[in-house]
Amino acid sequence: MSRAERVTVGVGACEDAPVEELYELVVGVLAEARLPLTAVAALATVDVKADERAIVECARRFGAPVLSYGAERLAAVTVPNPSGRALGAVGTPSVAEAAALVAGGGGAELLVPKRKSAPAGRPAMATCAVALTRHRSSS
């Protein structure tokens, strides 16, 4: 990855999702993609989730801002893994993938599709996806 390449991490979290569940998911996905933690430019999510403790704390740990978008804007993005559960909960069939792509700006590509956390003995409470944007430096 060159210095000009950064990633946006789209995240979704259920109300009261444990901070560690989301953080470990994001760290694991970045490791799987062979991306350094310093590559994270921002965490992105749907506006109604922007104040969730897990998302805010995870962004703080990465030293990255939380960017949020309305459900209507995210619903307009074509993604590989839409979810009826997300549509019913927050009004868009995609939070993590769509938010990563929107935050990545024009030309962003989905590097890692949606991944769910895998806590032992209970359903996942967090999702994430990673979009890569190549910013060309002006010479």
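Computed from a predicted model, the values in this text were never measured in an experiment.
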Do [X] and [Y] make a side-chain contact, defined as non-hydrogen atoms from C-beta onward lying under 4.5 Å apart?
X	Y	answer
L111	L35	yes
Y69	V77	no
K49	V95	no
P119	M125	no

Roughly how far apart are [X] [atom1] and [Y] [atom2], rounded to 0.5 Å?
X	Y	atom1	atom2	result
L22	C128	CG	SG	7.0 Å
D16	E52	CG	CD	7.0 Å
L43	L67	CG	CG	8.5 Å
R122	E21	CZ	CD	4.0 Å

Connected via hydrophobic side-chain network under 4.5 Å: [X] and [Y]:
X	Y	value
V27	V112	yes
L132	V102	no
L87	L74	no
L101	V46	yes
F62	L25	yes

Expected output: side-chain [X] to main-chain [Y] donor-acceptor under 3.5 Å:
X	Y	result
R6	T38	yes
S68	T45	no
S83	R85	yes

Exercise for review: Assess whether side chain to side chain contact (heavy atoms under 4.5 Å, CB included) is satisfied between C58 and V26, documenting all intermediate values.
Suggested key: CA-CA 9 Å; C58 191; V26 173; 4.3 Å; yes
Return the minimal non-hydrogen interatomic distance between [X] and [Y], and the atom names on each side.
X	Y	answer
A54	A17	CB-O, 3.5 Å
A64	A42	CB-CA, 3.9 Å
G10	A100	N-CB, 3.5 Å
A129	P113	CB-C, 4.0 Å
P65	A41	CD-O, 3.3 Å
T133	G104	OG1-O, 2.7 Å

Point to revise | Of K114, E97, R115, the residue whose pairing with N81 passes side chain to side chain donor-acceptor pair (under 3.5 Å) | key: E97
Point to revise | R61 and V19: CA distance, side-chain angles, deciding distance, side chain to side chain contact (heavy atoms under 4.5 Å, CB included) verdict | key: CA-CA 10 Å; R61 291 182 186 187; V19 172; 3.7 Å; yes
Revision key, fill the gap. Of V40, V7, L110, the one forming a side-chain contact (heavy atoms from CB on, under 4.5 Å) with V130 is V7
